[in-house]
> 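Structure below; questions to follow.
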Amino acid sequence: RLIEFSQPSLSLDEWVQVNSTIEHANVLVGAQIESVGIALEVDLQDSLPKVFGDAARLEDLWVTLLLQGRDLARSNNTNVIQIRTVSQPGERVLVEVGVPGVSIPLARLPTIFEPDFNAPLGGYGTGLELSRCREIALQLRGEIAAFNGDNKVVFRVLLPISAPGLEKDEQG
């Protein structure tokens, strides 16, 4: 899986099970996250609708968000990352990656998806990771946001279920 993940994407958009891409991302980085004492709590909704996009890009998005969660957790002595999926009204799929016990300074939230070489999130990385996440979400016609809520930081990704130019009966 690691070799497949590292190959350049051919950008093959198709009907994709979001939960499968999260499970593959977990295979890639789950052990690395758990090796530093951080548990992954995974709550994936059964029979989640498929989205139209590139599975490799989705996996890249989840891997990056999980590693950002790891860095936030490590820098704040937190020992859990939560990831969940749920279908949303308006034909969308919601994916949330949360890190309990952590908050992002309010002044940083409006620009969190902009490159920041001087202060990467959690003190680790290059400062480009969340900018890449935003680009991937936009390429998939989705949205990404970060906010503080219920004593945790949450990265929320909304992906459309519909595909441009395809009728409902053509969807997977």
Side-chain angles (χ1 to χ4, degrees), residues 1-88 92-102 104 112-113 120-126 128-137 139-140 142-147 149-150 152-161 172:
R1 293 283 314 148
L2 188 57
I3 291 171
E4 289 174 20
F5 179 76
S6 66
Q7 298 300 314
S9 173
L10 299 175
S11 283
L12 298 176
D13 287 344
E14 60 187 354
W15 291 104
V16 178
Q17 286 284 357
V18 172
N19 287 348
S20 294
T21 63
I22 291 171
E23 289 165 353
H24 290 158
N26 194 3
V27 166
L28 290 170
V29 296
Q32 180 185 3
I33 290 168
E34 291 171 351
S35 73
V36 294
I38 299 169
L40 282 173
E41 292 179 0
V42 181
D43 179 17
L44 305 178
Q45 177 184 319
D46 291 331
S47 55
L48 193 68
K50 292 179 181 179
V51 300
F52 193 75
D54 181 1
R57 280 188 285 180
L58 280 169
E59 287 176 23
D60 188 19
L61 177 59
W62 312 139
V63 163
T64 304
L65 288 175
L66 288 170
L67 292 176
Q68 286 295 290
R70 177 206 59 196
D71 295 345
L72 279 170
R74 281 194 327 188
S75 66
N76 289 280
N77 297 316
T78 301
N79 62 357
V80 67
I81 298 170
Q82 303 163 328
I83 187 165
R84 75 179 189 108
T85 61
V86 64
S87 59
Q88 293 283 288
R92 299 188 303 177
V93 169
L94 168 70
V95 180
E96 287 186 337
V97 176
V99 184
V102 176
I104 295 172
I112 197 161
F113 295 104
L121 195 60
Y124 301 93
T126 64
L128 293 174
E129 293 82 3
L130 290 177
S131 179
R132 269 187 73 235
C133 289
R134 178 187 57 196
E135 290 308 311
I136 293 170
Q139 289 169 2
L140 296 167
E143 305 168 24
I144 188 168
F147 62 92
D150 296 331
K152 67 180 171 182
V153 115
V154 178
F155 295 99
R156 176 176 287 164
V157 178
L158 283 166
L159 299 168
I161 295 169

> For the residue pair Ile161 and Trp15, what are the closest heavy atoms and their distance?
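So the two residues come closest at O-CZ3, 3.0 Å.
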> Could you tell me which residues satisfy side-chain hydrogen bond (donor to acceptor under 3.5 Å, both in side chains) with Gln139, sequence neighbours excluded, listed by chain and number?
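By the side-chain hydrogen bond (donor to acceptor under 3.5 Å, both in side chains) rule, Gln139 matches Arg57.
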> Where do Ala146 and Ile112 come nearest, in terms of heavy atoms and distance?
CB-CG2, 4.0 Å
> Could you work out, with side-chain hydrogen bond (donor to acceptor under 3.5 Å, both in side chains) as the rule, every residue matching Gln88, not counting sequence neighbours?
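For Gln88 there are no side-chain hydrogen bond (donor to acceptor under 3.5 Å, both in side chains) partners, ignoring immediate neighbours.
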> Among all residues two or more places apart in sequence or in another chain, which pass the side chain to side chain contact (heavy atoms under 4.5 Å, CB included) test with Glu96?
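Testing Glu96 for side chain to side chain contact (heavy atoms under 4.5 Å, CB included), a comparison that skips the adjacent residues, returns Arg84, Leu94, Phe147, Val154, Arg156.
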> If you take all heavy atoms of Thr21 and Ala55, which pair is closest and at what distance?
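Nearest pair, atom of Thr21 first, then Ala55: CG2-O, 3.9 Å.
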> Report yes if the side chains of Leu58 and Val51 come closer than 4.5 Å at any heavy-atom pair, otherwise no.
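The answer is yes, as the side chains (C-beta and beyond) meet within the 4.5 Å cut-off.
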> Could you state the interatomic distance from CD1 (Ile136) to CG (Asp54), rounded to the nearest 0.5 Å?
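Answer for the CD1-CG pair, Ile136 versus Asp54, is 9.5 Å.
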> How about Leu72 and Phe155: do any of their side-chain heavy atoms sit closer than 4.5 Å?
yes
> On a heavy-atom basis, which atom in Gly142 and which in Leu159 lie closest, and how many Å separate them?
CA-CD2, 4.3 Å
> Who passes side chain to side chain contact (heavy atoms under 4.5 Å, CB included) against Ala137, sequence neighbours left out?
Ile144
> Could you list the donor-acceptor pairs under 3.5 angstrom formed between side-chain atoms of residues 27-44 and any protein atom two or more places apart in sequence or on another chain?
from  : atom 1 : to    : atom 2 : distance (Å)
Ser35 : OG     : Gln32 : O      : 2.7
Glu41 : OE1    : Gln82 : NE2    : 3.3

> Testing the basics here: between Trp62 and Ala25, what is the closest heavy-atom pair and its distance to 0.1 Å?
CB-CB, 3.7 Å
> Given the rule in the side chain to side chain contact (heavy atoms under 4.5 Å, CB included) test, do Leu67 and Glu129 qualify, once you have shown the distances and angles that lead to the verdict?
CA-CA 9 Å; Leu67 292 176; Glu129 293 82 3; over 6 Å; no
> Would you compute the distance between atom CG of Asn19 and atom OG1 of Thr85 and round it to the nearest 0.5 angstrom?
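The CG atom of Asn19 sits 4.0 Å away from the OG1 atom of Thr85.
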> Any non-hydrogen side-chain atom of Ile83 less than 4.5 Å from a side-chain atom of Leu65?
no
> Partners of Asn26 by side-chain hydrogen bond (donor to acceptor under 3.5 Å, both in side chains), sequence neighbours excluded?
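side-chain hydrogen bond (donor to acceptor under 3.5 Å, both in side chains) check on Asn26 returns nothing, list empty.
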> How close do Pro100 and Gly98 get, counting heavy atoms only, and between which atoms?
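In terms of heavy atoms, the two residues are closest at CD-O, 3.7 Å.
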> Rounded to the nearest 0.5 Å, what separation is found between the CD1 atom of Ile81 and the CD atom of Gln68?
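Between Ile81 CD1 and Gln68 CD, I get 10.0 Å after rounding to 0.5 Å.
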